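Residue numbers start at 1 and run along the sequence shown. Here the structure is a predicted model, which is why all the values come from computation and not from measurement.
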Amino acid sequence: MNLALVHSRARSGVRAPTVRVEVHLAGGLPAMSIVGLPEAAVRESKDRVRAAILCAQFEFPARRITVNLAPADLPKDGGRFDLPIALGILAASGQIPLEALADGEFLGELGLTGELRAVDGVLPAALAAGDAGRKLIVPAGNGAEAALASRVEVRTARTLLEVCAHLTGRKPLPFAEAPALERTPGPDLADVRGQAQARRALEIAAAGGHHLLLIGPPGCGKTLLASRLPGLLPEATENEALEAAAIASVSGRGLDPARWRERPFRSPHHTASAVALVGGGAQPRPGEISLAHQGVLFLDELPEWDRRALEVLREPLESGVITVSRAARSAEFPARFQLVAAMNPCPCGWAGDPSGRCRCSPDVVRRYRGRVSGPLLDRIDLHVEVARLPPAALRPDAPAGESTETVRARVVEARARQHARAGKTNAVLDQPETASACRLADADRLLLERAVDALQLSARSMHRIMRVARTIADLDGADAIGTAHLTEAISLRRATRGIEAAVA
């Protein structure tokens, strides 16, 4: 038999499209060519494969070898196709049984000695192999990650020789095993002193999946509060955790299989570019907003960010996905995250403080606040002012607030009500679902309209206030939105307007 077919997987965003590695041996002068849109690392695999086959004590055919990576219009990169190419050559030359390759998929980079080296993006490949009903063989270094996909049989190998021994039935490969989950206790909300309104806003944000803006002077606890949000969120479902883990797998930054169930918390520096946020590159990789998928993205010093970098947040805040387009290719990455942003009220940070230490003119404050666009602020549900605490509130013996576990229990109950009612959190309700779930009494409707007119809010802001009020009602266990719920939701949208009035 001069033709062999081996199944493998490419990497395209967070997808793992199937690749058929077709190997043909023909007469003529010895040569090897690889076709099917291979990039440099794939083209160089012919030298790695030849050395690995010879070091494994197999014969490298002295014939004309053509390797086709189908489909031909899908770009292939990296060393992930070394193992399937080597197996295809051995099967086409009759050194291993061809039928042993039929129900399996293979990934792995080969060293010159035949050693198998880990590659990235293995988890999406394992999930796709399971959906296709095939088994998967990966390098030992990828075993723990691939084992997270429970619907596929994954085996691991250290060398090309071990893979061939398994395929010929001489020595089966070991199954991949997922490591035991490590649950590291996160920071406790009880460590936050005072700040009753900000703590309440954090609980509402966690319960409804709402975005949050914290405004206050330096050192008042904005970063401290933001770091507590992941601990308040319900535990991610298996599908949610696998989505986030798949993004980490293809990011090139590595995935810790022992902590894959933890919700991510990303806190990029304000000097990060738009590409660092959304992702990009010649071979598109996920950015910070995708790495925060199913978790929290914290942006500190919001007005100090580049305006163009902030504006790219608009699409994912609404749709939960981001499309990275480049000249050669494009990729779509999930980006369903909760945004927590923090900012000072003015350049010196003390506008509106009772001490009166701010010396910024109203024009300076307006220019500072104008660095963050209105459309972006419009997409943030909760705007909360975080005041400076008196020194007495920071004493070690000062009364501690509720713990993370206590608040998280209420959050879990509120989310259960939302999922029973609409199958999703309140923050992502569309307009018809908002109209159905957030019904208001006539008096409350009039109250909301007056508030929207007085605060000069948009229609988007009005709908977001209604969703926040629905979340507050869910935390109270109420079937309908009451006046108290709506009033609190409106008050959590007034912080930016209040500071503007204070400096005017």
Side-chain angles (χ1 to χ4, degrees), residues 195-215 229 232 234 317-318 338-341 374-387 402 407 409-502:
Q195 304 296 5
Q197 185 185 30
R199 290 169 60 97
R200 172 67 172 170
L202 205 65
E203 179 179 345
I204 295 170
H210 302 288
H211 306 304
L212 172 64
L213 173 64
L214 301 171
I215 308 170
L229 180 56
L232 299 180
L317 283 176
E318 293 286 349
Q338 272 190 260
L339 174 65
V340 180
L376 178 60
L377 290 175
D378 214 28
R379 289 167 166 80
I380 301 178
D381 304 23
L382 306 172
H383 300 184
V384 180
E385 186 174 359
V386 185
E402 289 183 304
V407 177
R410 295 198 295 267
V411 168
V412 170
E413 290 180 6
R415 286 226 179 178
R417 294 188 185 97
Q418 296 166 44
H419 283 275
R421 180 175 58 244
K424 58 178 75 171
T425 56
N426 291 329
V428 295
L429 295 176
D430 58 27
Q431 192 166 341
E433 291 169 337
T434 301
S436 173
C438 307
R439 299 180 185 277
L440 299 176
D442 292 340
D444 291 336
R445 172 66 64 179
L446 186 60
L447 171 64
L448 176 60
E449 291 172 357
R450 288 201 302 265
V452 168
D453 187 54
L455 298 175
Q456 300 180 5
L457 300 177
S458 66
R460 179 189 289 113
S461 296
M462 182 177 72
H463 289 132
R464 290 183 180 272
I465 288 174
M466 294 169 64
R467 294 173 196 141
V468 171
R470 179 66 264 178
T471 299
I472 297 170
D474 288 332
L475 283 168
D476 283 353
D479 293 330
I481 299 174
T483 304
H485 306 139
L486 180 61
T487 303
E488 184 177 4
I490 294 171
S491 71
L492 292 171
R493 191 80 186 195
R494 296 180 58 186
T496 49
R497 303 296 177 182
I499 292 174
E500 287 173 358

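Side-chain contact between I380 and L339 is present, with at least one heavy-atom pair separated by less than 4.5 Å. At a threshold of 4.5 Å between non-hydrogen side-chain atoms, the residues N426 and R421 count as touching. At a threshold of 4.5 Å between non-hydrogen side-chain atoms, the residues L457 and M462 do not count as touching. Counting heavy atoms from C-beta outward, E203 and L475 have side chains that approach closer than 4.5 Å. Looking at V468 and L382, their side chains come closer than 4.5 Å, going by heavy atoms from C-beta outward. T425 has its side chain within reach of H419: a pair of non-hydrogen atoms, C-beta onward, lies under 4.5 Å apart. In this structure, the side chains of D430 and T434 stay at 4.5 Å or more apart for every pair of heavy atoms. Looking at L376 and D378, their side chains never come closer than 4.5 Å, going by heavy atoms from C-beta outward.
With Q195 contributing its side chain and A387 its backbone, the two residues share a donor-acceptor pair below 3.5 Å. When atom types are taken as modelled, the side chain of Q338 and the backbone of A205 share a donor-acceptor pair closer than 3.5 angstrom. Side-chain N or O atoms of R415 include one that pairs as donor or acceptor with a backbone N or O of A206 at under 3.5 Å. Side-chain atoms of S436 do not come within 3.5 Å of backbone N or O of P432 as any donor-acceptor pair. The backbone N or O of D474 sits less than 3.5 Å from a side-chain atom of R417, completing a donor-acceptor pair. Looking at Q197, its side chain never comes within 3.5 Å of a backbone N or O of V384 through a donor-acceptor pair. Although no hydrogens or angles enter the test, the distance criterion places a donor-acceptor pair under 3.5 Å between the side chain of R379 and the main chain of P375. Side-chain atoms of H211 do not come within 3.5 Å of backbone N or O of L377 as any donor-acceptor pair.
Taking both residues in full, the closest heavy atoms of H485 and A478 are given as CE1-CB, 3.8 Å, listed atom of the first, atom of the second, then distance. Across all non-hydrogen atoms, the minimal contact from L486 to D444 is CD2-O, 3.2 Å. Listed here is the closest heavy atom pair of I472 and A489: CD1-N, 3.8 Å. Of all the heavy atoms in D381 and A427, the pair that sits closest is OD2-CB, 4.4 Å. Closest heavy-atom contact between A473 and A480: CB-O, 4.0 Å.
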Could you check L213 against I215 for side-chain contact (heavy atoms from CB on, under 4.5 Å), going step by step and ending with a plain yes or no?
CA-CA 6 Å; L213 173 64; I215 308 170; 3.8 Å; yes
What do the steps show when you test R410 against E402 for salt bridge (charged side-chain N to carboxylate O under 4.0 Å, His left out), and what is the final call?
CA-CA 12 Å; R410 295 198 295 267; E402 289 183 304; 2.8 Å; yes
Could you go through R439 and M466, starting from their C-alpha distance and side-chain angles, then the distance that decides it, and tell me whether this counts as side-chain contact (heavy atoms from CB on, under 4.5 Å)?
CA-CA 8 Å; R439 299 180 185 277; M466 294 169 64; over 6 Å; no
Under the criterion side-chain contact (heavy atoms from CB on, under 4.5 Å), I'd like the reasoning laid out for H463 against Q431: C-alpha separation, chi angles, the key distance, then a yes or no.
CA-CA 8 Å; H463 289 132; Q431 192 166 341; 4.0 Å; yes
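Comment: E488 does not engage R470 in a salt bridge, judged by the lack of any side-chain N to carboxylate O separation of less than 4.0 angstrom.
By the neighbour-count criterion of 12 heavy atoms within 6.0 Å, atom CG of D442 is sparsely surrounded, having that number or fewer from other residues, nucleotides or ligands. More than 12 heavy-atom neighbours from other residues, nucleotides or ligands sit within 6.0 angstrom of CZ on R460.
Between the CD1 atom in I465 and the CZ atom in R493 there is a gap of 6.0 Å [rounded to 0.5 Å]. The OG1 atom of T471 sits 8.0 Å away from the CG atom of L429 when rounded to the nearest 0.5 Å. Atom SG of residue C438 and atom CZ of residue R467 lie 7.5 Å apart, to the nearest 0.5 angstrom. Atom CD1 in I204 sits 12.0 Å away from atom CG in L232 (nearest 0.5 Å). One finds the OG atom of S491 at 9.5 Å from the CZ atom of R200 (value rounded to the nearest 0.5 Å).
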